[in-house]
Amino acid sequence: MNNNSTKQKNGILLEMQNIHIDGYSDDQWHRIVKGVDITLRRGEVLGLIGESGAGKSTLGLAAMGFVRAGCKLVKGSIRFDGTDLNTISEREKRALCGSRITYVAQSAAASFNPSHRLIEQTVETTVRQGLRSENVAKTDALRLFQDLQLPEPGIIGQRYPHQVSGGQLQRVMTAMAMSPKPDLIIFDEPTTALDVTTQVDVLASIRQIVDQYHTAAIYITHDLAVVAQMADFIKVLRYGETVEDAETRKMLKTPEKDYTKSLWAVRSIEKEEKQSDDIILKIDGVDAAYKGKTKVLKNVSIVVPRGCTVAIVGESGSGKSTAARVITGLLEPMKGQVLFNGEPLPLILKGRSKEQLRRIQMIYQSADTAMNPRHPVRDILGRPLEFYLGLSGAKRDRRLLELLELIELDESFVDRLPSELSGGQKQRICIARALAANPELIICDEVTSALDQIVQKGILQLLLRLQADLGISYLFITHDIATVRAIADQVVVMFQGCVVEQGMKSEILNPPYPSYTQLLLSSVPEMDPDWLSDLLEERSAL
């Protein structure tokens with residue numbers, strides 16, 4: 001789309017002027033959006049980028065005339081196709097948003113009803129709004145499934161959400177948003193949690209469908225390389241204010257503001273790889289399956305040297321997280337063994353001693369779901385200190401403050417609830433919880449995938465510092481090749497439950513590549529507006 005600079009633009013569709021939005025926290029109102037303007041014409045795509053807390057999603061919802069609970073629009077006008085969204089009734093607003101304005105959320109899995117078939121959910125709003133009959137809407141939906149390159153487009157709609165992959169579900173959600181044939185779609189981080197190969201398919205599908213239907217879009221993301229493929233114009237936000245906006249090619253070539261330039265250069269970390277023959281963890285010839293079904297892991301063998309980081313990469317369904325479940329005892333393998341410090345570990349969690357549990361800790365992808373929302377930081381960090389180390393009272397409190405210092409947070413965070421923390425702060429608390437057990441190995445499962453690039457950089461630098469200071473070993477599961485370059489010593493490439501390549505980072509990430517590794521590396525978006533178009537053209541020629 002951004003490479004279609006000559007396409008015709010019609011009149012202004014969305015005009016947001018001098019938007020001020022407040023949010024309520026700590027018993028008072030705070031200004032979170034401060035005088036932002038947005039003008040969007042039919043068929044245009046605007047990319048909104050910036051770090052967590054910049055106001056991207058808040059503005060995306062405001063474009064629909066909505067604000068989150070605990071927020072209020074205090075100033076500014078929002079006009080959609082000449083209609084003032086501030087003056088119409090809630091009923092009129094809901095009708096508008098179900099027909100002419102639609103929304104694609106970051107987490108498709110959390111946006112579907114698990115008890116209804118996909119086709120029913122795709123057309124539900126279109127039918128309920130009386131835009132088309134159910135039969136016509138379903139016929140249109142099948143066409144959208146085909147346009148979005150979903151497998152078996154005539155059948156996939158009969159499946160339930162849990163029966164399709166994350167990338168397929170994200171495309172079904174795009175079909176749901178396109179079903180009413182809207183004038184405007186808000187895409188809120190629609191590919192953040194997807195692996196790189198799936199992301200290419202979803203980006204290509206979104207770009208094609210938006211271009212085909214001449215739909216305007218606001219594309220919210222923290223991934224600069226992604227927004228380069230999708231947007232005609234880019235607006236950079238920070239602390240609720242516009243830092244800079246310009247046509248995509250111009251901004252990529254010559255960003256004007258220092259903050260924008262810092263975003264461009266944020267992926268500059270690259271760890272010098274370290275070798276060691278001292279093996280702390282060995283997975284030896286493991287087969288695994290869920291409930292006796294088809295094997296998910298097939299003869300998997302992986303070694304982790306002490307004090308080093310081994311990154312496991314591969315697309316969704318390759319077996320990365322399943323390998324972590326076997327290591328932690330959450331899934332008993334059908335064959336093979338897991339050795340820690342040369343000694344076999346009991347294959348199931350309940351067979352392991354407290355000391356064996358202490359030595360291997362895990363940090364999960366979603367900090368939001370990994371912490372009890374009703375427990376303050378004091379309790380979240382205090383429990384492992386009591387359970388593993390037997391600390392209580394003043395000793396526990398002293399160690400708790402030391403842990404906060406390790407993760408670069410101060411004592412003011414002790415009594416905060418998870419809801420009072422930013423995404424990066426939540427992940428730091430999860431890191432501190434793992435550190436509380438004084439582990440020798442930490443498994444990091446996609447711990448930076450949902451974070452903006454500036455916060456990602458801080459988390460990766462923190463993990464590297466902790467490794468240097470404490471000698472911790474990491475098994476780092478990720479689909480982000482930039483993260484691999486930043487943190488890994490060795491790389492394991494998995495595909496369909498098998499290890500297809502394994503070695504030092506310098507060997508794996510440099511040519512010549514095996515075909516699957518080549519596919520992964522070629523799917524990593526680049527800061528070039530023509531990258532996606534060139535890639536699709538190259539692959540179509542094969």
Side-chain angles (χ1 to χ4, degrees), residues 1 7-23 31-48 55-105 111 123-132 137 140 144 173-188 190 206 209-220 230-233 235 237 240 242 245:
M1 287 180 292
K7 69 183 178 184
Q8 284 292 106
K9 307 293 184 189
N10 296 325
I12 293 174
L13 179 69
L14 176 70
E15 191 167 25
M16 305 171 68
Q17 293 183 322
N18 198 27
I19 301 299
H20 290 74
I21 297 174
D22 285 359
R31 187 61 44 88
I32 56 177
V33 175
K34 309 165 185 174
V36 174
D37 298 329
I38 289 176
T39 300
L40 190 64
R41 291 173 173 78
R42 295 180 185 276
E44 282 184 345
V45 179
L46 171 68
L48 284 182
K56 306 184 298 295
S57 295
T58 301
L59 278 167
L61 289 173
M64 305 171 69
F66 291 99
V67 291
R68 288 191 178 98
C71 295
K72 62 181 179 181
L73 177 70
V74 294
K75 188 178 180 181
S77 66
I78 305 167
R79 300 187 68 84
F80 174 78
D81 200 18
T83 299
D84 187 343
L85 299 187
N86 293 335
T87 61
I88 63 176
S89 68
E90 288 300 313
R91 183 177 179 181
E92 291 173 311
K93 200 178 292 183
R94 283 194 297 272
L96 189 68
C97 290
S99 56
R100 299 190 63 195
I101 308 174
T102 55
Y103 181 82
V104 178
S111 302
V123 305
E124 180 182 4
T125 302
T126 300
V127 175
R128 190 178 66 239
Q129 296 276 18
L131 301 175
R132 280 181 295 287
D140 287 347
L144 285 167
M173 194 172 187
T174 301
M176 185 192 301
M178 288 299 307
S179 176
K181 298 183 179 176
D183 298 297
L184 172 65
I185 301 181
I186 313 297
F187 291 100
D188 194 352
I206 290 175
I209 207 79
V210 170
D211 208 39
Q212 178 181 338
Y213 288 88
H214 201 59
T215 303
I218 295 177
Y219 197 99
I220 298 167
M230 305 304 294
D232 299 295
F233 300 90
K235 179 181 285 288
L237 299 171
T242 299
D245 52 10

Quick one: are I206 and V104 in side-chain contact, heavy atoms under 4.5 Å?
-> no
side-chain hydrogen bond (donor to acceptor under 3.5 Å, both in side chains) filter on K93, not counting sequence neighbours, yields E90
Closest contact, heavy atoms only, I21 versus A62 | CD1-CB, 4.0 Å
Considering only heavy atoms from C-beta outward, does the side chain of L59 approach that of M16 to under 4.5 Å?
-> yes
Audit row: I19, D37, side chain to side chain contact (heavy atoms under 4.5 Å, CB included) steps and yes/no | CA-CA 7 Å; I19 301 299; D37 298 329; 5.9 Å; no
Salt bridge (Lys or Arg N to Asp or Glu O under 4.0 Å) involving D22 - partner list, sequence neighbours excluded = R31
Value for CD (Q17) from OG1 (T39), rounded to nearest 0.5 Å, stands at 7.0 Å
Looking only at heavy atoms, what is the nearest atom pair of V33 and V36, with distance?
-> CG1-CG2, 3.8 Å
Who pairs with D81 by salt bridge (Lys or Arg N to Asp or Glu O under 4.0 Å), at least two apart in sequence or on another chain?
-> R42, R100
Qualifying residues under side-chain hydrogen bond (donor to acceptor under 3.5 Å, both in side chains), relative to D245, sequence neighbours excluded = K235
Between P180 and T126, is any pair of side-chain heavy atoms under 4.5 Å apart?
-> yes
Report the C-alpha distance between D232 and L46 in whole Å, list the side-chain angles of each, state the deciding distance to 0.1 Å, and finish with yes or no for side chain to side chain contact (heavy atoms under 4.5 Å, CB included).
-> CA-CA 6 Å; D232 299 295; L46 171 68; over 6 Å; no
Identify, with sequence neighbours excluded, every residue that meets salt bridge (Lys or Arg N to Asp or Glu O under 4.0 Å) alongside R94.
-> none
Can you list the residues that meet the side-chain hydrogen bond (donor to acceptor under 3.5 Å, both in side chains) rule with T102, with sequence neighbours excluded?
-> none
Sub-4.5 Å side-chain heavy-atom contact between L144 and Y213 | yes
Contacts of T174 that satisfy side-chain hydrogen bond (donor to acceptor under 3.5 Å, both in side chains) - sequence neighbours left out = none
Is there a side-chain contact between Y219 and P190 (heavy atoms, below 4.5 Å)?
-> yes
With sequence neighbours excluded, residues passing side-chain contact (heavy atoms from CB on, under 4.5 Å) with A216 | L13, L40, L184
Contacts of type side-chain contact (heavy atoms from CB on, under 4.5 Å), residue T87, not counting sequence neighbours | D84
What's the verdict on side chain to side chain contact (heavy atoms under 4.5 Å, CB included) for L14 and I218, showing C-alpha distance, side-chain angles and the deciding distance?
-> CA-CA 10 Å; L14 176 70; I218 295 177; 3.9 Å; yes
Interatomic distance, T83 atom OG1 to E92 atom CD [nearest 0.5 angstrom] | 8.5 Å
Roughly how far, to the nearest 0.5 Å, is the CD atom of E124 from the CD atom of Q129?
-> 10.5 Å
Do you know which two heavy atoms are closest between G98 and T125, and how far apart they sit?
-> O-CG2, 3.1 Å
Table please: side-chain donor-acceptor pairs of residues 64-80 below 3.5 Å, with sequence neighbours left out.
from	atom 1	to	atom 2	distance (Å)
R68	NH1	T58	OG1	3.4
R79	NH2	G82	O	2.5

Separation between CD1 of I220 and CG of D188, rounded to the nearest 0.5 Å = 4.0 Å
